[in-house]
Amino acid sequence: ASSALVNVSEQAELRLVQLLADSCPPPAAVEMTFAPECEGYIGNGDAAGLVRTVLGDAGAISGLLAIEPKDEAVGAFSLIAALLERVEGAAEQSALSVALADAVTNGAADDAAAGKRAAMLAALYNLSSNGTEKADLLARIVSLTAASDPGALSPGRPLGDVLDAANVRSMVEGWGVGRADQRRLYRAIADGLAAGARRQTFLLSLLATYASASEVDTEAIATATDAAVGAVRDPVGLFDEQRGMLLLPPVAALGSSPATKSLFELLQVFQEGKLEDFEAFAKGSESTLSSHGLSKDDCIRNMRLLSLCSLAAEHEEIPYSAIAATLHVDDSEVEGWVIAAVSSGLLSAKMDQLQKVVMVERCVVRKFGTEQWKALQARLDAWKGNVRSVLNGLDKSQALQKSAA
């Protein structure tokens with residue numbers, strides 16, 4: 001049985017060698033020594049030698065990529081990838097895996113066969129048990145898929161579902177991937193996704209891999225700039241994820257450069273300021289908005305929502321007049337803004353239209369520092385006092401009932 005299996009394997013590998021040679025598109029061709037060398041390695045059971053020979057022959061690689069239909073090409077590639085399991089030594093196995101991925105990836109930027117190449121890499125990804133290799137292969141697959149079928153990255157599609165941010169972070173953690181490799185993966189995914197919340201999430205994940213200011217490089221600054229613009233454009237959709245981004249080293253570094261300082265100040269306004277702060281910023285730095293493709297009207301709308309949240313965090317009951325003054329709108333527009341804030345998930349409140357008061361049930365906290373801790377402490381003390389009064393009242397009531405009995 002063992003001999004039969006070996007013979008079957010040899011026959012499959014010999015057919016593969018012939019297929020690569022026959023599929024090579026003219027005028028290219030495999031080297032004259034290609035087939036004899038491959039046959040020798042097959043006969044000796046030298047998997048590493050066979051893979052190196054295939055990789056070293058440009059005609060063989062061209063033949064591999066030219067095989068049609070796609071499923072047959074992926075099958076041929078899978079046979080080559082499976083040879084890696086028979087390569088002795090983890091270092092050589094890893095080096096050949098990277099070389100095989102490079103051979104499939106190189107020159108595919110505008111290649112009509114990018115989808116075929118991505119499918120080949122997916123086969124290698126499924127065979128690999130090395131976390132760093134899997135992260136690299138996933139990044140390549142995303143890039144190739146973005147070039148050939150961007151819709152495949154959307155939720156509801158197999159690859160798109162894999163690219164759920166929480167799922168990717170979980171996989172990276174499980175693989176034990178280093179920060180540099182994480183950045184390459186997050187960068188590839190962010191570049192492959194269309195602008196929006198999903199892309200912004202991966203930009204933030206990328207920025208979170210920088211643990212200190214000393215690690216910040218030009219790529220980090222570029223990513224921080226991109227993420228800052230995204231946070232200003234939509235401060236509501238990813239409110240929780242973006243709330244602490246000022247503390248990320250690459251984002252903080254934006255404030256130290258003359259080229260990005262104005263953008264950093266704008267981000268500060270959206271993270272911590274109110275409408276009046278934005279209006280003051282816009283008067284002197286409106287060019288910052290236009291240079292980053294930001295709409296002033298959209299910014300004002302978002303700042304009104306955020307300002308309402310800041311006001312709600314400070315008061316449990318808010319008169320319509322106070323909201324109108326904070327948002328710089330007429331009293332007649334207040335209810336519309338409250339409804340917008342509630343619809344966005346930033347606020348939970350009820351409106352008393354007769355008393356013209358908004359009663360806050362819950363709201364997001366934009367900034368939580370020393371002042372907020374003090375306010376929370378004051379509220380807790382007041383709550384404890386109220387509870388103590390109720391308990392004292394109950395004790396007195398029980399004492400009276402006992403004495404009456």
Using the rule given for side-chain contact (heavy atoms from CB on, under 4.5 Å), can you reason through Lys350 versus Val360, listing the C-alpha separation, both sets of side-chain angles and the distance that settles it, and then say yes or no?
CA-CA 7 Å; Lys350 294 180 179 178; Val360 179; over 6 Å; no
Is the number of heavy atoms from other residues, nucleotides or ligands within 6.0 Å of CD (Gln355) greater than 12?
no
Quick check against the 3.5 Å criterion: does Ser307 have a side-chain atom that pairs as donor or acceptor with the backbone of Met303?
yes
Work out which heavy atom in Leu267 is nearest to a heavy atom in Ala231; give both atom names and the distance.
CD1-CB, 3.8 Å
Just jot down the side chain to side chain contact (heavy atoms under 4.5 Å, CB included) partners of Thr53, sequence neighbours excluded, or say none.
Phe34, Glu37, Cys38, Tyr41
Thr209 side chain to Leu206 main-chain N or O, any donor-acceptor pair under 3.5 Å?
yes
Which atom pairs, donor and acceptor, lie under 3.5 Å between side-chain atoms of residues 235-253 and protein residues at least two apart or in another chain?
unit_1	atom_1	unit_2	atom_2	d
Gln242	OE1	Gln200	NE2	3.0
Gln242	NE2	Asp234	O	3.2
Arg243	NH1	Val365	O	2.8

Between atom CG of Leu266 and atom CG of Asp277, what is the distance when rounded to the nearest 0.5 Å?
11.5 Å
Just so I know, are the side chains of Gln268 and Gln271 near enough to count as touching, which here means a heavy-atom distance under 4.5 Å?
no
With a 4.5 Å heavy-atom cut-off, do Asp191 and Ser143 have their side chains touching?
no
NZ/NE/NH1/NH2 to OD/OE distance under 4.0 Å, Lys356 and Asp331
no
Donor-acceptor under 3.5 Å (Ser348 side chain, Arg362 main chain)
no
Any side-chain heavy-atom pair of Leu185 and Val168 under 4.5 Å:
yes
Minimum heavy-atom separation for Leu159 to Ala152, with atom names?
CB-O, 3.7 Å
side-chain contact (heavy atoms from CB on, under 4.5 Å) between Thr132 and Trp175: does it pass, once the steps are laid out?
CA-CA 7 Å; Thr132 300; Trp175 293 336; over 6 Å; no
Closest non-hydrogen atom pair, Leu346 against Cys309:
CB-SG, 3.4 Å
Taking C-beta and beyond as the side chain, do Ile300 and Lys296 meet within less than 4.5 Å on heavy atoms?
yes
Is there side-chain contact between Val17 and Glu39, with at least one heavy-atom pair below 4.5 Å?
no
So, do Pro69 and Glu72 sit near enough that their side-chain heavy atoms are less than 4.5 Å apart?
yes
So, the side chain of Asn167 versus the backbone of Val162: is there a donor-acceptor pair under 3.5 Å, distance only?
yes
Looking at Arg233 and Gly196, would you say the former's side chain and the latter's main chain have a donor-acceptor pair under 3.5 Å?
no
Determine whether Trp337 and Leu305 make a side-chain contact, defined as any pair of heavy atoms from C-beta on separated by less than 4.5 Å.
yes
Checking the side chain of Asp57 only, and the main-chain atoms of Glu31 only, is there a donor and an acceptor separated by less than 3.5 Å?
yes
In terms of side-chain heavy atoms, does Ser295 have a donor or acceptor partner in Arg301 at a distance below 3.5 Å?
no
Parallel, tilted or perpendicular, judged at 30° and 60°: which one describes the rings of Phe202 and Tyr186?
tilted
With the side chain counted from C-beta on, respond yes when Phe77 and Leu100 share a heavy-atom pair under 4.5 Å apart, and no when they do not.
yes
Between Arg183 and Glu219 (salt bridge meaning N to carboxylate O under 4.0 Å), is one present in this structure?
no
Test: Asp102 and Arg140 ion pair at under 4.0 Å
yes
Show your working on salt bridge (charged side-chain N to carboxylate O under 4.0 Å, His left out) between Arg184 and Asp181 and close with a plain yes or no.
CA-CA 5 Å; Arg184 281 192 286 272; Asp181 294 306; 2.2 Å; yes
Starting at CD1 of Ile141, measure out to CG of Asp136 and round the result to the nearest 0.5 Å.
9.5 Å
Check whether more than 12 heavy atoms from other residues, nucleotides or ligands sit under 6.0 Å from atom CD of Glu68, and answer yes or no.
yes
Once rounded to the nearest 0.5 Å, what's the spacing between atom CD1 of Ile323 and atom CG of Leu308?
5.5 Å
Before giving the answer on side-chain contact (heavy atoms from CB on, under 4.5 Å), spell out for Leu65 and Met120 the whole-Å C-alpha distance, their side-chain angles and the decisive distance to 0.1 Å.
CA-CA 10 Å; Leu65 297 174; Met120 290 178 178; 4.0 Å; yes
Go through the steps to decide whether Ser343 and Ile339 satisfy the test side-chain contact (heavy atoms from CB on, under 4.5 Å), and finish with yes or no.
CA-CA 6 Å; Ser343 299; Ile339 292 172; 4.0 Å; yes
Check: Leu311 main-chain N/O paired with Lys274 side-chain donor or acceptor under 3.5 Å
no
Would you find a donor on one side and an acceptor on the other, under 3.5 Å apart, between the side chain of Asp149 and the backbone of Thr145?
no
For Tyr210, does its backbone N or O pair with a side-chain atom of Glu215 as donor and acceptor, under 3.5 Å?
no
Interatomic distance, CZ@Phe281 vs CG@Leu289, rounded to 0.5 Å, equals 6.0 Å
Can you tell me how far the CG atom of Leu83 sits from the CG atom of Asp46, to the nearest 0.5 Å?
10.0 Å
Could you pull out the closest heavy-atom pair between Ser256 and Pro258, with the gap in Å?
O-CD, 4.0 Å
Write down the atom of Asp352, the atom of Met359, and the distance for their closest heavy-atom approach.
CB-CE, 4.0 Å
Would the distance check show the side chain of Ser97 and the main-chain N or O of Gln93 forming a donor-acceptor pair, the cut-off being under 3.5 Å?
no
Ser62 side, atom OG; Ile67 side, atom CD1 - distance, nearest 0.5 Å:
11.0 Å
Please find the pair of heavy atoms, one from Arg117 and one from Asn106, that lie closest to each other, and give the distance.
NH1-O, 3.2 Å
